[in-house]
Amino acid sequence: MDELYNAAAVERAAQAHWTARDAFRTREDASRPKYYACSMLPYPSGKLHMGHVRNYTINDVMYRSLRMQGRNVLMPMGWDAFGLPAENAAIDKKVAPAEWTRANIADMKSQMQPLGLAFDWSREIATCDPSYYRWNQWLFLKMLEKGIAYRKTQVVNWDPVDNTVLANEQVIDGRGWRSGAIVEKREIPGYYLAITQYAEELLDYTQHKLDGWPHQVRTMQENWIGRSYGVTLGFPYEITGPVTDLPPKGVLRVFTTRADTIMGVTFVALAAEHPLATHLARSNPALAAFIEECKKGGVAEAEAATMEKKGMATGFSVAHPLTNERIPVWVGNYVLMGYGEGAVMGVPGHDERDFAFAKRYGLPIKQVIADKTGQHQYDTSAWQPWYGDKEVAVCVNSGKYDGLTYEAAVDAVAADLAAKGLGEKQVRWRLRDWGISRQRYWGTPIPIIHCADCGPVPVPEKDLPVVLPEDLVPDGTGNPLNKDERFLACTCPKCGKPARRETDTMDTFVDSAWYFMRYCCPDADRMVDQRADYWMPMDQYIGGIEHAVLHLLYARFWTKVMRDLGLIKFDEPFTRLFTQGMLLAECYYREDAAGRRRWYYPSEVDVKYDEKGRPVGAVALEDGQPVLFGGIEKMSKSKNNVVEPRDIIERFGADTARAYVMFAGPPAESAVWSDSGAAGVQRFLRKLWTVCRTIHESSAAQAAARFTPVDQSALTPKQADVRRAVHTSLKQALHDYDRIQYNTVVSACMKMLNSIDSEEARSSVPLAFESIGILLRTLYPIAPHVTHVLWSEMGFAEKYGDLLDAPWPVVDEAALKQDEIEVVVQVSGKLRGRVIIPADADENVARDAALADANVQKFVGGKPVRKVVYVRGKLVNIVV
RNA sequence: GCCCGGGUGGCGAAACUGGUAGACGCAAGGGACUUAAAAUCCCUCGGGGAUCACUCCGUGCCGGUUCGAUUCCGGCCCCGGGCACCA
């Protein structure tokens, strides 16, 4: 055994061993329980950062610990290879997205290699390979046949200068990111997937079946799907004067969840794109101008929700469905055409947004809800939130509905509307169908051919895949496929005449909706084969909380569609979900006269402390002048705080990098990278090496005793203390492995080593070896290289086999037993002392021991004891 | 704006089901070893008070429930994630 811990040598040796054994190739095996643990596939940006290291180490720790517990574990890796960044790189560097992407994949893979992650690379997938995306196209065609995929118009961000569609991310403060032009909304045709057909089932499963998912993710999905019960009602109107495209008599439809407030309607607001608004604008230039104004700006909901609420009266009115009263019609910039009916009824008395709108435009506010408990007075000077409280609200000023509570009022109103043919109860979903068309080059081609005679025609299955040419270079002015005659030219599958290929590509969420099934059978000549039946549903999915809704909901939907097509037999793809946190890093900067910031890499900065160890400032190493602390931020190139695995592995070794990112904080929460924290973990691994070497060498004379079982009854009290400490830490570690709290597993390993590094521990060879054997196996999933080498060098491998498949350590309950224990004594809930009592003491013994304590007596002070609370083995509380 | 999380020493954190707040580690200060440096080891380390036995305060803020609250309930403040074309 080397005298000192040499991470580089240890890691080379361990990895060579695993490679020689082909240790991580996984096969379907009916004889062992399977476990499929998978990380969300990364985008191949080219840079592997420590955040990736954290994510994949969590997965790897899971893999290795479960494998030791006898599971047949699958941990695959692949690449979410289509997407916008490759097109941006193309614009920037004039390199084809395909070339850039494949180079990045190779580079990231090479940076992953030294970490010793147990990926089964034989199952690697890149979503930009035709062998993968042909199945996106194939399933899309199946969905068209079933009516799940369909074509309709969509509203997109339009850059009028670059003449291109922009992603929400590319709209900055309402302007195009490259051109700076004010973005407009534009309607274009596109393909949709009818996820709303599955809304009911998705919601039902979210609420009742996904008990292996974090609660907050389930709640977010539930709210996103958003079932609401309400009433759709119509406001009749007549158009006089020059009739254009609308019938002379019509009904303006709105949906409301508060039909009980129907007598409080004082206006109706239309979306700018509403057909009635379009009609009215023909004879009203001011309105037409306002509608034009509303079309400015992007389509993002956050933008719409935060912008100033503006409106304009149209001069037109509709009839109240129950009273026939004239209700003025407005156009409002906050009413969304793509949502509900594109029109809302305005009840300013009892809806916060309508209230603000009415205040701004001087519309009447009418009270129709009162507090039956009398606690709240109605007041129109400021918004009050109690109207929404169905426990207190009753109708007033509402004629026959006066005095009714929410549910009774809604029922009565719905019945009256139904009798007039002007409304009915309805269930609505917030969830909208999934628009998958992207006016971009680097994605899965949508397999459609446009024929002048036949319209859009699906590509026949035998012609799949429609292969994306890989040599085009986007320049920021639209999809280069539109100029590529080789791709465009084709013949209509129906009539055989010359036709044009669809150039829109699919949303990359399509790629990520089912890749985890393809990992099971990456070479299958079908979309999935029987190997997917073995591995799926996935036992543990791991990824960022930022995917809580969109990706996870699309993957669930896609799974249900595949099930209904008979391709798979399960309802939900992910049995358990774990959402990990981000890895952040400190950043430092200096500002020049123009306010531009120069960001310093943390290693270029020296932090100064006061005498209590509090940081008081920082200086740049290059000139000794002060720099400012920029806070703890997500690692980003622009802030120069990206920590690169290559550097870290060179300085500390992969085991330290892995163990530190596990130790830095709970896996589910964000953590901060710290060089000195990593140095502390490295000290721990160095100490582990030295302690192992000392024990190994000092026991050379008693080699036969090394693997003999420990005789608990023969231990001295101090040796028993060591053994108890080791098994107590082991118990904690095993529990924390189960609940995916790997930071405290590292703590437990540190505690174990602190216990083992003692005279008492070394005084018994069987005890020392048992303890080290437990520690090596407990630490192995986190720091596999160093533990692998020590395991072999100390002779454990010869005795128990390769650490990869060594038996998982078990707690010996006998080691935890204690004759006497310390319990805490409280007087009226405040800590006043500690007493030693027999472990099996009952309440009376504990109480007497507690009362005998001098400090306890001081606080009891002769006052009568009202009550004694005894928590067995923990505390006595004397209430006076 | 709407939905979902989070807030504990100088720092990362721990406390599993309402029961000793701060385990484990980092930074800092003091000391040992050494020609020196590195490495290693020992001591101190939430704040205030103290007769150095101990005591008061302390888990974002305000209030409540309880013998007992970081943990449960109500209200508020701040930070993070998502909002359907970033992935």
Side-chain angles (χ1 to χ4, degrees), chain A residues 4 40 42-43 45 80 83-85 154 156-157 165-171 214-217 219-220 222-224 226 298-307 334 338 352-353 431-440 507-509 512 544-551 553-554 579 581-582 607 609-616 634 660 663-666 669-672 674 676-681 683-684 686-687 690 732 735-736 739 741 743-744 746-751 754 822-831 834 854-855 858 866-869 871 874-875 877-880:
Chain A
L4 290 174
M40 290 180 186
Y43 182 79
S45 60
D80 190 11
L84 205 50
Q154 51 181 346
V156 295
N157 302 307
V165 175
L166 298 178
N168 283 336
E169 174 186 73
Q170 297 171 315
V171 179
H215 183 258
Q216 83 252 35
V217 176
T219 308
M220 277 189 265
E222 208 177 307
N223 292 337
W224 185 266
V299 299
E301 194 197 304
E303 191 185 327
T306 48
M307 80 191 164
Y334 63 93
E352 186 166 8
R353 197 174 54 182
L431 184 67
R432 310 203 292 264
D433 278 346
W434 174 14
I436 58 157
S437 290
R438 298 291 178 270
Q439 295 66 45
R440 272 188 260 289
D507 181 4
T508 55
F509 277 127
S512 55
I545 186 70
E546 67 273 21
H547 296 293
V549 177
L550 292 178
H551 158 60
L553 200 57
Y554 292 146
T579 55
M582 283 184 307
V607 181
Y609 299 92
D610 68 9
E611 73 284 356
K612 290 208 161 175
R614 279 173 229 164
V616 288
K634 196 165 162 174
Y660 174 70
F663 185 54
E669 280 162 43
S670 63
V672 183
S674 142
S676 56
V681 171
R683 272 199 283 277
F684 161 65
R686 270 204 294 261
K687 182 167 156 185
T690 327
Q732 185 201 321
H735 180 245
D736 291 343
R739 57 174 183 154
Q741 206 181 72
N743 53 326
T744 45
V746 179
S747 296
C749 290
M750 288 172 168
K751 286 183 199 177
N754 290 342
E822 184 186 77
V823 298
V824 160
V825 184
Q826 295 181 338
V827 179
S828 298
K830 290 221 170 216
L831 175 68
R834 291 152 208 276
N855 201 48
K858 195 170 104 194
R866 264 178 48 211
K867 187 173 167 186
V868 175
V869 181
V871 182
K874 279 201 168 152
L875 81 111
N877 187 11
I878 295 160
V879 185
V880 297

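Naming: A, B, ... by sequence-line order, numbering from 1 per chain.
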- Report yes if a side-chain nitrogen or oxygen of Asn754(A) is closer than 4.0 Å to either non-bridging phosphate oxygen (OP1 or OP2) of rG25(B); otherwise report no. yes

- Note on the structure: Against the side chain of Lys874(A), the closest entry in rC85(B), rG19(B), rC83(B) is rG19(B)

- So what does Leu875(A) touch, heavy atoms closer than 4.0 Å: a base, only the sugar-phosphate, or nothing? base

- Does rA53(B) fall in syn (glycosidic angle within 90° of 0) or anti? syn

- What distance, rounded to whole Å, do you find between the two C1' atoms, one in rA84(B) and one in rU71(B)? 37 Å

- Query: When all nucleic acid strands are considered with a 4.0 Å heavy-atom cut-off, which category describes Gln216(A): base, sugar-phosphate, or nothing?
  - Reply: sugar-phosphate

- Query: What integer number of Å spans the C1' atoms of rG75(B) and rG68(B)?
  - Reply: 24 Å

- Tell me what His551(A) touches on the nucleic acid: a base, only sugar-phosphate, or nothing, going by heavy atoms under 4.0 Å. nothing

- With rounding to whole Å, what would you report as the distance between rG82(B) and rC45(B) at their C1' atoms? 41 Å

- Could you point out which residue of Val824(A), Val825(A), Val869(A) forms a side-chain contact (heavy atoms from CB on, under 4.5 Å) with Asn877(A)? Val869(A)

- Message: Mind checking if Asn743(A) touches a base, just sugar-phosphate, or nothing, with heavy atoms under 4.0 Å?
- Response: sugar-phosphate

- Which one, rA87(B), rU20(B), rC16(B), comes nearest to the side chain of Asp80(A)? rA87(B)

- Tell me the partner of rC61(B), counting only Watson-Crick (N1-N3 plus N6-O4 or O6-N4) or G-U wobble (N1-O2 and O6-N3) with both under 3.5 Å; none if nothing fits. rG75(B)

- Check every strand shown and say whether Glu669(A) touches a base, only sugar-phosphate, or nothing at a heavy-atom separation below 4.0 Å. nothing

- Does rC26(B) have a Watson-Crick or wobble partner in any strand here, with both distances under 3.5 angstrom, and which is it? rG10(B)

- Of rC83(B), rA84(B), rA87(B), the nucleotide closest to the side chain of Ala302(A) is rC83(B)

- Give Pro666(A) one of three labels, base, sugar-phosphate or nothing, depending on what nucleic acid heavy atoms sit under 4.0 Å from its own. sugar-phosphate

- Would you tell me if any nitrogen or oxygen in the side chain of Arg683(A) comes within less than 4.0 Å of OP1 or OP2 on rC26(B)? yes

- Query: Just checking Leu553(A): base, sugar-phosphate only, or nothing, at a heavy-atom cut-off of under 4.0 Å?
  - Reply: nothing

- What nucleotide, of rC67(B), rG1(B), rC85(B), holds the atom closest to the side chain of Val879(A)? rC67(B)

- Look at the side chain of Gln170(A) and the base of rC86(B), then say whether one donor and one acceptor between them are separated by less than 3.5 Å. no

- Item | Shortest side-chain distance from Arg739(A), nucleotide among rC67(B), rC16(B), rA13(B) | rC16(B)

- Task: Select base, sugar-phosphate, or nothing to describe what Val165(A) touches, counting heavy atoms under 4.0 Å on all strands.
- Result: base

- Query: What does rU70(B) pair with, Watson-Crick or G-U, if both distances are under 3.5 Å?
  - Reply: none

- Looking at side-chain heavy atoms only, is the closest gap between Val165(A) and Gln170(A) below 4.5 Å? no

- Message: Strictly distance-based, threshold 3.5 Å: is any side-chain N or O of Glu303(A) a donor or acceptor partner for the main-chain N or O of Gly298(A)?
- Response: yes

- In terms of side-chain heavy atoms of Ser676(A), which of rA87(B), rC85(B), rA27(B) is nearest? rA27(B)

- Query: Can you tell me how far P in rU8(B) sits from the matching atom in rC2(B), rounded to whole Å?
  - Reply: 26 Å

- Query: rG68(B), rC54(B), rU40(B): which one has an atom nearest the side-chain heavy atoms of Arg686(A)?
  - Reply: rU40(B)

- Item | Sugar-phosphate only, base, or nothing, as touched by Phe684(A) at under 4.0 Å among non-hydrogen atoms | nothing

- Message: Less than 4.0 angstrom between a side-chain N/O of Lys830(A) and OP1 or OP2 of rC57(B), yes or no?
- Response: yes

- Give Tyr43(A) one of three labels, base, sugar-phosphate or nothing, depending on what nucleic acid heavy atoms sit under 4.0 Å from its own. sugar-phosphate

- Query: Is the phosphate of rA84(B), meaning OP1 or OP2, less than 4.0 Å from a side-chain N or O of Asn168(A)?
  - Reply: yes

- Message: What's the gap between rC4(B) and rA15(B) when it is taken at their P atoms, as a whole Å value?
- Response: 26 Å

- Message: Donor-acceptor check, side chain of Glu669(A) to backbone of Pro666(A), threshold 3.5 angstrom: yes or no?
- Response: no

- Report yes if a side-chain nitrogen or oxygen of Arg438(A) is closer than 4.0 Å to either non-bridging phosphate oxygen (OP1 or OP2) of rC85(B); otherwise report no. yes

- Gap in Å between the two P atoms, one belonging to rC11(B) and one to rA28(B), rounded: 15 Å

- Item | Nucleotide paired to rG18(B) in any strand shown, Watson-Crick or G-U, under 3.5 Å | none

- Message: Check this one for me: any side-chain N or O of Ser747(A) less than 4.0 Å away from OP1 or OP2 of rA23(B)?
- Response: no

- Message: Heavy atoms only, 4.0 Å cut-off, all strands: where does Ser670(A) land among base, sugar-phosphate and nothing?
- Response: sugar-phosphate

- Message: I want to verify a distance call: between rA84(B), rC85(B), rU20(B), whose nearest atom is closest to the Leu431(A) side chain?
- Response: rA84(B)

- In terms of side-chain heavy atoms of Met220(A), which of rG25(B), rA84(B), rC4(B) is nearest? rC4(B)

- Message: Whole angstroms only, please: what is the NE2-P distance between His547(A) and rC3(B)?
- Response: 23 Å

- Rounded distance (Å) that lies between atom P of rG12(B) and atom OH of Tyr660(A): 10 Å

- Could you check whether Val871(A) gets within reach of a base, just the sugar-phosphate, or nothing at all, counting any heavy atom under 4.0 Å? base

- Message: Between rA13(B) and rA21(B), how far apart are the two C1' atoms, rounded to whole Å?
- Response: 13 Å

- Task: State which of rC86(B), rG19(B), rU20(B) makes the closest approach to the side chain of Asn877(A).
- Result: rG19(B)

- Indicate whether OP1 or OP2 belonging to rA53(B) is found under 4.0 Å from a side-chain N or O atom of Asn855(A). no

- Query: Heavy atoms under 4.0 Å, any strand shown: does Gly435(A) hit a base, just sugar-phosphate, or nothing?
  - Reply: sugar-phosphate

- Item | Non-hydrogen atoms of Pro85(A) and Tyr43(A) that approach each other most closely | CB-OH, 3.4 Å

- side-chain N/O Gln741(A) vs rA15(B) OP1/OP2, d < 4.0 Å: yes

- Message: Would you measure the distance from the P atom in rC26(B) across to the matching atom in rC43(B) and give it in whole Å?
- Response: 14 Å

- Task: Would you please confirm or rule out a distance under 4.0 Å between OP1 or OP2 of rC2(B) and any side-chain N or O of Asn223(A)?
- Result: no

- Which part of the nucleic acid, if any, lies within contact of Val672(A), taking any heavy atom under 4.0 Å across all strands shown: a base, the sugar-phosphate backbone alone, or nothing? nothing

